[in-house]
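Quick note on labels: first sequence line is chain A, next is B, and so on, each numbered from 1.
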2 protein chains.
Amino acid sequence: MPTPTLRTLAKELGLSRTTLSDALRGSPRVKAETVERVRAAAKAAGYERNPLTGAVMSQLRRSRGQQFRGVLAVLEIVGDSHTALAARYNDSLMAGISSRANDLGFKVERFVVGAQGLTLQRLDTILHTRGIQGLILLPAVGFPDLTELSWSRYTAVYADYFIDHPPLHCVCSDHYRSMIALLHELHARGYRRPGLIMEISLDERLQFRWEGAFLAQQKYLADITVVPALQLREITREAFQAWFRKYNPDVVLGHFPEAMDWMRACGAKLPKTHAFVCLNSLRTSGDCATLDFQTPLLGGRACELVIGQLLHNEFGVPSQPSLTTIPARLIEGPTLRAAKAGAAKAAR
Amino acid sequence: MPTPTLRTLAKELGLSRTTLSDALRGSPRVKAETVERVRAAAKAAGYERNPLTGAVMSQLRRSRGQQFRGVLAVLEIVGDSHTALAARYNDSLMAGISSRANDLGFKVERFVVGAQGLTLQRLDTILHTRGIQGLILLPAVGFPDLTELSWSRYTAVYADYFIDHPPLHCVCSDHYRSMIALLHELHARGYRRPGLIMEISLDERLQFRWEGAFLAQQKYLADITVVPALQLREITREAFQAWFRKYNPDVVLGHFPEAMDWMRACGAKLPKTHAFVCLNSLRTSGDCATLDFQTPLLGGRACELVIGQLLHNEFGVPSQPSLTTIPARLIEGPTLRAAKAGAAKAAR
DNA sequence: TGCAAATAACGGACGGTCCGAATTCCCGAG
DNA sequence: CTCGGGAATTCGGACCGTCCGTTATTTGCA
């Protein structure tokens with residue numbers, strides 16, 4: 001007896017091959033009762049669907065044909081505050097998302113949710129009527145709650161460290177590793193007294209990854225003089241200069257470019273006697289060394305994740321959320337000694 | 001302009017789709033000159049053939065559908081040492097890999113590389129002749145170098161924190177977040193003097209993520225009494241007991257279950273007066289609270305990554321490697337007070 | 001020149017998918 | 001009871017890249 005195929009099995013059951021295919025794949029287009037009947041018959045006949053063949057066929061069928069295969073929704077959750085920095089960050093993510101989505105044959109639409117935008121109920125119905133199933137959530141201040149969406153219809157990725165309501169896959173920069181790599185690089189360039197300044201609120205939402213990496217690495221790099229991190233609710237000029245004069249770090253890491261002026265006011269020459277590295281390139285204007293979070297890459301990765309799940313027909317909240325990260329890249333600048341020739345090595 | 005297909009391209013060239021297909025695959029059925037012409041035209045039109053699609057179609061035609069699966073190679077890189085623990089870890093990863101691969105229509109084959117196994121050159125030819133393109137690398141001791149494989153043919157994922165030769169996507173447990181979540185949970189259960197014991201070599205390959213998270217969290221949890229971490233090349237009974245007596249931590253976190261006996265020898269009652277949490281469930285035998293790395297899930301995620309890239313026809317070393325992580329899960333045990341009713345909350 | 005053999009290209013069929021069209025079902029209004 | 005319209009189901013057509021048998025063209029040689 002030859003191995004059964006979709007078509008032979010369909011003939012036996014008096015259904016079309018399409019219905020069989022959809023039923024075995026669990027498509028909502030087929031009535032639940034029919035799905036049961038088909039699955040039982042398939043099992044009896046010893047028919048097993050080949051998921052690899054299915055995936056390939058799906059790809060094939062999808063990609064040719066039209067220009068676009070679907071639409072992704074990018075959700076921007078706006079609360080009461082809404083800084084210019086966050087806007088730059090989000091725009092930069094969007095650029096990566098749009099570009100990668102376009103490569104993979106998807107279009108992107110942006111929706112604003114929250115205080116000044118749509119309610120979740122309204123969004124739910126809009127997405128439903130438009131048939132949009134893939135969601136990318138831009139970073140939101142605080143800990144957003146999106147449990148009210150009908151998640152069984154969607155597959156989503158959050159572009160920040162974590163989200164608990166509901167727990168979704170996340171894509172974010174790897175702050176821990178970036179800090180480790182940066183300290184290694186500074187060490188290789190001869191710096192021995194690295195100092196960190198940080199507003200607590202900035203590190204808190206990262207679960208203190210900046211400081212955690214800094215503290216751990218201080219202990220294990222050779223010949224390091226330990227400079228305690230300056231962590232405050234708010235970094236002021238006075239607090240900074242007191243700290244700077246007391247510990248005299250040879251390289252300062254922090255978010256605020258103003259610190260360069262404060263250092264110079266204390267008599268520091270950049271990069272001759274001291275160095276400064278800004279921890280977020282979006283805060284600078286090209287006048288200092290800084291870390292580039294490569295947000296377009298992050299956006300691209302988020303796209304790949306969502307689209308991958310769409311292609312596998314996986315919807316709903318994942319059973320175990322995962323976190324995908326990309327390390328930041330060091331951008332050279334006039335506030336940092338160049339790498340010694342030969343010792344030059346890209347940050348890991 | 002729609003993406004070209006075999007048929008449209010064939011019409012343009014005035015040839016049949018069969019000839020195109022054969023030519024692109026380099027079949028001897030087609031005249032060499034025609035092959036050249038076809039390949040040039042395909043390149044000009046931006047047509048790229050997908051080898052996985054080809055393989056699936058081929059097997060489909062040849063063997064009447066069923067029983068065809070794609071193949072992934074799992075590489076085990078064995079150096080001189082080879083502990084039982086590593087073997088358990090790898091087997092557990094394998095279980096997750098096999099299961100997820102099977103769901104997605106792939107088979108898995110395991111290859112041993114290194115000192116007691118295949119040379120890289122030999123592996124390269126084996127993979128080539130077998131037509132295997134997807135690779136999953138199991139964790140190796142030290143920092144393995146696999147640059148000698150012909151990477152343009154493969155797409156791969158490394159199941160550990162990082163690999164630099166070459167830089168590949170990685171999948172690994174999220175030690176930093178696991179530690180943060182664990183400390184939060186312990187804090188919620190009333191523990192205020194957490195202590196960490198760690199062999200330096202174990203944390204070093206994690207870039208000190210255990211200790212980094214521990215140090216950072218000690219600073220920012222409320223009402224914590226700081227107990228310095230016991231970090232040694234080797235943890236001995238004497239060193240441990242001296243540390244334990246001096247600082248009297250109310251909960252000890254570490255890799256070695258022997259520590260429980262040492263604590264008891266100092267008069268501690270588990271879980272009445274003190275608690276112990278093992279940081280790696282594979283080291284325990286069910287007699288204490290511990291962290292489960294959920295290795296099968298990690299393996300599954302690695303599969304999804306590799307297969308996703310195969311389906312998208314993406315080979316070679318990625319331009320920017322990413323790291324995908326999953327947090328560990330706390331397993332309750334008789335060495336830890338239960339969560340207070342109401343305050344119970346799954347670890348993030 | 002005649003004709004078999006070798007060479008080159010073609011057309012049909014295939015399995016599983018997507019998409020739009022067709023059919024059936026349901027339910028309230030007239 | 002009939003009709004209309006919209007939702008729920010099912011169906012048919014078109015499609016992908018491959019294999020394999022067939023057709024058309026050229027070559028080899030008596």
- Message: Assess whether a salt bridge exists between B:Arg301 and B:Glu304, defined as any Lys/Arg side-chain N lying under 4.0 Å from an Asp/Glu carboxylate O.
- Response: yes

- Query: With a 4.0 Å cut-off, would you call A:Asp91 and A:Arg110 a salt bridge?
  - Reply: yes

- Query: With distance as the sole criterion, is a donor-acceptor pair present between the side chains of A:Ser322 and A:His169 under 3.5 Å?
  - Reply: yes

Give a yes/no answer on whether the side chain of [X] brings an N or O atom under 4.0 Å of OP1 or OP2 in [N].
| X | N | result |
| --- | --- | --- |
| A:Ser16 | D:dT10 | no |
| B:Tyr47 | D:dC16 | no |
| A:Thr19 | D:dT9 | no |
| B:Thr18 | D:dG17 | no |
| B:Ser21 | D:dG17 | no |

- Counting only heavy atoms not in B:Arg49, do more than 12 fall under 6.0 Å of its CZ? yes

Between [X] ([atom1]) and [N] ([atom2]), how many Å, whole number?
| X | N | atom1 | atom2 | result |
| --- | --- | --- | --- | --- |
| A:Glu48 | C:dG15 | CD | C1' | 16 Å |
| A:Leu20 | C:dT17 | CG | P | 10 Å |
| A:Lys11 | C:dG15 | NZ | P | 11 Å |
| A:Met57 | D:dG13 | CE | P | 19 Å |
| A:Arg25 | C:dC19 | CZ | P | 11 Å |
| B:Leu311 | C:dG16 | CG | P | 17 Å |
| A:Lys31 | C:dC25 | NZ | C1' | 9 Å |

- Give the nucleotide from the list C:dA9, D:dC16, C:dG11 with an atom nearest to the side chain of B:Arg7. D:dC16

With a 4.0 Å cut-off on heavy atoms, is [X] in touch with a base, just the backbone sugar-phosphate, or nothing at all?
| X | answer |
| --- | --- |
| B:Val30 | sugar-phosphate |
| A:Arg17 | base |
| B:Leu15 | sugar-phosphate |

Please state whether the base of [N] and the side chain of [X] form at least one donor-acceptor pair under 3.5 Å?
| X | N | value |
| --- | --- | --- |
| A:Thr5 | C:dG15 | no |
| A:Arg29 | D:dT10 | yes |
| B:Arg49 | D:dG17 | no |
| B:Thr53 | D:dG17 | no |

- Item | A:Leu127 side chain reached by A:Glu109 side chain, heavy atoms, under 4.5 Å | no

- Task: State, yes or no, whether a side-chain contact exists between A:Leu297 and A:Arg100 at a heavy-atom distance under 4.5 Å.
- Result: no

- Between A:Leu6 and A:Asp22, name the one whose nearest nucleotide on DNA chain C is closer to the 5' end. A:Leu6

